[in-house]
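The structure appears right after this line, and notes come after that.
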Amino acid sequence: MTEASEDRADALFHALADRTRRDILRRVLAGEHSVSALAANYDMSFAAVQKHVAVLERAGLLTKRRSGREQLASGDVQAVRSVASMLTELEQIWRGRIARIDMLIASETDQED
C-alpha cells in the first residue's frame, strides 16, 4: 500500500474505533440527518457530537451540506465499501498465513509417522 492509502486506512479505522461515531454513521447511512437532530440522540453536548461528525467527515465516511441554518449529514456508502474491501484484503492475507501454518504442521506430522 502507498503512504496515502495507509493514511486513509488510519483515518477510516480511527473514525470507526468509537462507538458513538459508528452509531452516527449508521444513522446517516440510513438517511440524511441534521447535526442537531443527531445530537439529540446522545447524552453529550452538541459540540461533542459536532466533533464526532467532523472525524467522520475527515475520514470521508460522511459528507455535510448546508440547508439554511442547518448542517445536514449523509453517509458515503462507497467509503464504507472501501473499509470492507480493506478488511477482506487483510482476511485473505491471514487466511493464507494460516493455510501455510496448517501445511507445515501437516508435513511435520507426516515426517514423524
Side-chain angles (χ1 to χ4, degrees):
M1 289 180 96
T2 67
E3 186 76 21
S5 61
E6 288 289 345
D7 290 344
R8 171 117 169 97
D10 288 347
L12 288 168
F13 288 111
H14 168 73
L16 294 171
D18 182 86
R19 178 179 299 173
T20 301
R21 287 193 290 267
R22 289 190 306 272
D23 190 61
I24 290 170
L25 182 60
R26 280 186 207 98
R27 291 174 188 277
V28 297
L29 284 169
E32 189 173 61
H33 292 277
S34 71
V35 176
S36 55
L38 289 169
N41 292 303
Y42 303 101
D43 188 25
M44 62 180 73
S45 69
F46 178 77
V49 172
Q50 278 184 306
K51 287 179 183 180
H52 284 300
V53 168
V55 170
L56 290 165
E57 185 177 27
R58 278 193 304 273
L61 290 164
L62 68 73
T63 57
K64 286 189 310 192
R65 69 177 183 88
R66 273 214 179 274
S67 177
R69 298 179 69 190
E70 290 188 311
Q71 288 189 345
L72 301 174
S74 24
D76 185 334
V77 174
Q78 191 59 39
V80 174
R81 286 186 180 136
S82 74
V83 172
S85 175
M86 284 182 219
L87 291 172
T88 299
E89 183 182 324
L90 290 171
E91 178 186 12
Q92 290 171 346
I93 291 168
W94 281 103
R95 284 185 183 274
R97 289 178 180 176
I98 291 168
R100 284 194 298 277
I101 291 169
D102 287 344
M103 288 182 349
L104 287 170
I105 291 170
S107 70
E108 284 184 13
T109 303
D110 290 342
Q111 290 175 359
E112 291 175 1
D113 292 340

Tell me, please, which residues at least two apart from [X] pass side chain to side chain contact (heavy atoms under 4.5 Å, CB included).
X    : result
R26  : R22, D23
S107 : none
S67  : R65, L72
R66  : Q71

Quick one: side chain to side chain donor-acceptor pair (under 3.5 Å) partners of [X], sequence neighbours excluded?
X    : value
H52  : R21
N41  : none
R100 : none
S36  : S34

Taking every non-hydrogen atom, the tightest pair across V49 and V35: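 Scanning both residues, the minimum pair turns out to be CG1-O, 4.4 Å.
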What are the two closest non-hydrogen atoms of A11 and A59, and how far apart are they? O-CB, 3.6 Å
hydrophobic_cluster_shared for [Y] and [X], side chain cutoff 4.5 Å:
X    : Y   : result
L104 : W94 : no
L38  : L62 : yes
I93  : M86 : no
I24  : L29 : yes
V53  : Y42 : yes

Could you name each residue pair satisfying side chain to side chain donor-acceptor pair (under 3.5 Å) that touches residues 74-84, not counting sequence neighbours?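 Listed by first then second residue: nothing to list.
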Give me each pair satisfying side chain to side chain donor-acceptor pair (under 3.5 Å) with a member in residues 8-20, each pair once, sequence neighbours excluded. none
Under the 4.5 Å side-chain heavy-atom rule for ILVMFWY, direct or indirect, which residues accompany I101?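 Its cluster partners, ordered by chain and number, are I105.
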What residue pairs, at least two apart or across chains, pass salt bridge (Lys or Arg N to Asp or Glu O under 4.0 Å) with a residue in residues 36-64? E57-K64
About how many Å separate CG of L12 and CG of L56, when rounded to the nearest 0.5 Å?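 Between L56 CG and L12 CG, I get 10.0 Å after rounding to 0.5 Å.
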For the pair L61 and V28, evaluate side-chain contact (heavy atoms from CB on, under 4.5 Å) and give the outcome as yes or no after the intermediate values. CA-CA 10 Å; L61 290 164; V28 297; over 6 Å; no
